[in-house]
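Structure first, commentary second.
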Amino acid sequence: MGRKKIHKYAFVGICIMIIVVIIILSLRGCNGTTPNENNNSSDTASDKVLDFTPAEESKSIKIPAVTGIYMRAGQLNQKVDFYNPKENNCYFVISLYLSDDTLIYKSDMIAPAEHIKEITLLQELKRGIYRNCRLVYNCYSLDNKTQLNGSNVVLEINAQ
Amino acid sequence: MKKFISLCLVLVLACTMSVTAFAESYGTNNNTMPYYWYAETTLSGQIYSSCTVSIPETVYTGEGYSGNVEISNADIESGYEVVIRVTNLSETDTIILSNSNNDKTIGCSIKTFEKTLTRQDNVLSKFNDKVLTSTDRTVGTEFQALITEHTGATAGTYTGTMQFEVMIEPY
């Protein structure tokens, strides 16, 4: 009778061990890791890291263009709306030239989304229309103020 | 004496008598209307054309790279077009790039789908009011900057800038 019990317990123990081994093996299979005793495997592609730098998205500079602006004749202080669009990633320095390349205004660095509503001209304008003036946009990077591409806008100044 | 005094009294009486003046009425069919005058003067004002031009912040040289100039938010007077030119082409029709020491230069030609820009023909992009106001979309022109002059240049990074001119002019 005792022997039967021993056999019975041995059988149950073996079954339990088999079940445990199966569970362990299945869990290791789920992890996807397998013991790699040999490090000289020919499959080295998974160890290599792709040395790749994606290209930067090309950035653009938005320039407000207009064919003319109104100014008050005979005075230096003027009301304008010079601005740097908020989408830009650069500073503007805006200069205003007459057709004979006379500089009549130059701004400081204008940050994105900044507007200049009042300016002081370097000389008064007589009453009339000044054609082929240039509003020059010089653009500088925000981080180190490196000069970027720029633009001139040809316009007339209507001084009244 | 009495006659003289009576004559004077009559004259004084005549001078003190006031007569009410009635304005002649004007109108047709016996309707009365007041007199009036009118004048007119003309007023004129101008709202200037405007748009937003997008230029590339930087342009990398070589095949496969390209830059774009785009026009958006256009409010252009009828009969006008937006013209974008590149104004700093050198005598050899290139944009000059310099190395960090500024002792070596290379030249880049600017090419669109249709042409290579020259100093005589430096129009990069042109769109008229019909195109710009018929749709809300942005229109633009793609271009490439290709190194065409590098005699004497050594290895290194060369940089320069492009100057764009924007005109809104009649066509």
Side-chain angles (χ1 to χ4, degrees), chain A residues 53 55-71 80-95 97 99 101 112 129-160, chain B residues 44-60 62 64-77 79-88 95 97-98 100 110 124-125 127 129 132 138 140 142-143 145 157 159-170:
Chain A
T53 304
E56 287 184 15
E57 276 201 33
S58 56
K59 297 177 189 171
S60 62
I61 303 172
K62 290 192 185 299
I63 306 287
V66 66
T67 50
I69 54 176
Y70 289 98
M71 287 196 171
V80 296
D81 187 15
F82 295 156
Y83 66 99
N84 186 351
K86 62 182 189 314
E87 299 89 350
N88 286 341
N89 290 303
C90 63
Y91 292 110
F92 275 359
V93 172
I94 297 177
S95 307
Y97 292 86
S99 58
D101 289 335
I129 296 179
Y130 294 80
R131 294 195 170 85
N132 292 315
C133 301
R134 288 180 294 122
L135 197 57
V136 177
Y137 291 86
N138 287 316
C139 309
Y140 300 89
S141 63
L142 292 177
D143 46 7
N144 56 10
K145 297 186 181 168
T146 310
Q147 187 161 13
L148 305 171
N149 291 331
S151 180
N152 300 350
V153 175
V154 178
L155 75 169
E156 69 179 32
I157 298 174
N158 194 335
Q160 296 296 330
Chain B
S44 71
Q46 183 172 11
I47 295 178
Y48 287 106
S49 300
S50 64
C51 64
T52 300
V53 175
S54 295
I55 61 172
E57 200 175 281
T58 53
V59 179
Y60 295 99
Y65 290 107
S66 65
N68 273 298
V69 288
E70 296 177 342
I71 302 167
S72 59
N73 302 325
D75 181 11
I76 306 299
E77 190 176 344
Y80 282 73
E81 60 185 358
V82 180
V83 181
I84 302 174
R85 296 179 172 87
V86 177
T87 55
N88 62 331
I95 299 291
L97 281 62
S98 305
S100 54
I110 305 300
L124 180 65
S125 184
F127 292 96
D129 60 300
L132 292 169
T138 300
E142 189 175 317
F143 65 92
T157 301
T159 57
T161 57
M162 289 178 69
Q163 284 291 328
F164 298 87
E165 178 190 82
V166 179
M167 283 188 74
I168 302 176
E169 56 190 36

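So you know, we letter chains A, B, ... as the sequences are listed, proteins then strands, and number each from 1.
Interface summary for chain B: among Asn152(A), Val154(A), Asn149(A), the most heavy-atom pairs under 4.5 angstrom belong to Asn149(A). When each of Val86(B), Thr159(B), Thr161(B), Ile55(B) is checked for heavy-atom pairs under 4.5 Å with chain A, Ile55(B) comes out on top. For the options Gly150(A), Pro64(A), Cys139(A), Ser141(A), heavy-atom pairs under 4.5 Å to chain B are most numerous at Gly150(A). Ranked by non-hydrogen atom pairs under 4.5 Å with chain A, the options Pro56(B), Ser50(B), Ser49(B) are led by Ser49(B). The greatest number of non-hydrogen atom pairs below 4.5 Å with chain B, out of Val66(A), Thr146(A), Asn88(A), is found for Val66(A).
Tyr140(A) and Val93(A) make their closest contact through CE1-CG2, 3.7 Å (heavy atoms, listed as atom of the first residue, atom of the second, distance). Scanning all heavy atoms of the two residues, the minimum distance from Ile110(B) to Ala145(B) falls at CD1-CB, 3.9 Å. The minimum heavy-atom distance linking Asn84(A) with Cys90(A) is given by the pair ND2-O, 2.8 Å. Heavy atoms only, all atoms of each residue included: Gly45(B) and Tyr70(A) are closest at C-OH, 4.5 Å.
Ion pairing between Arg85(B) and Glu169(B) holds under the 4.0 Å rule for side-chain N and carboxylate O. Look at Arg131(A) and Glu156(A) and you find a salt bridge, because one of the NZ, NE, NH1 or NH2 atoms lies within 4.0 Å of a carboxylate O, short of that distance.
Looking at Asn138(A), the atoms closer than 4.5 Å to chain B (heavy atoms on both sides) all sit in the side chain, from C-beta outward. Residue contact with chain A, scored on non-hydrogen atoms closer than 4.5 Å, is absent for Glu70(B). Looking at Leu135(A), there are no atoms closer than 4.5 Å to chain B (heavy atoms on both sides), in backbone or side chain.
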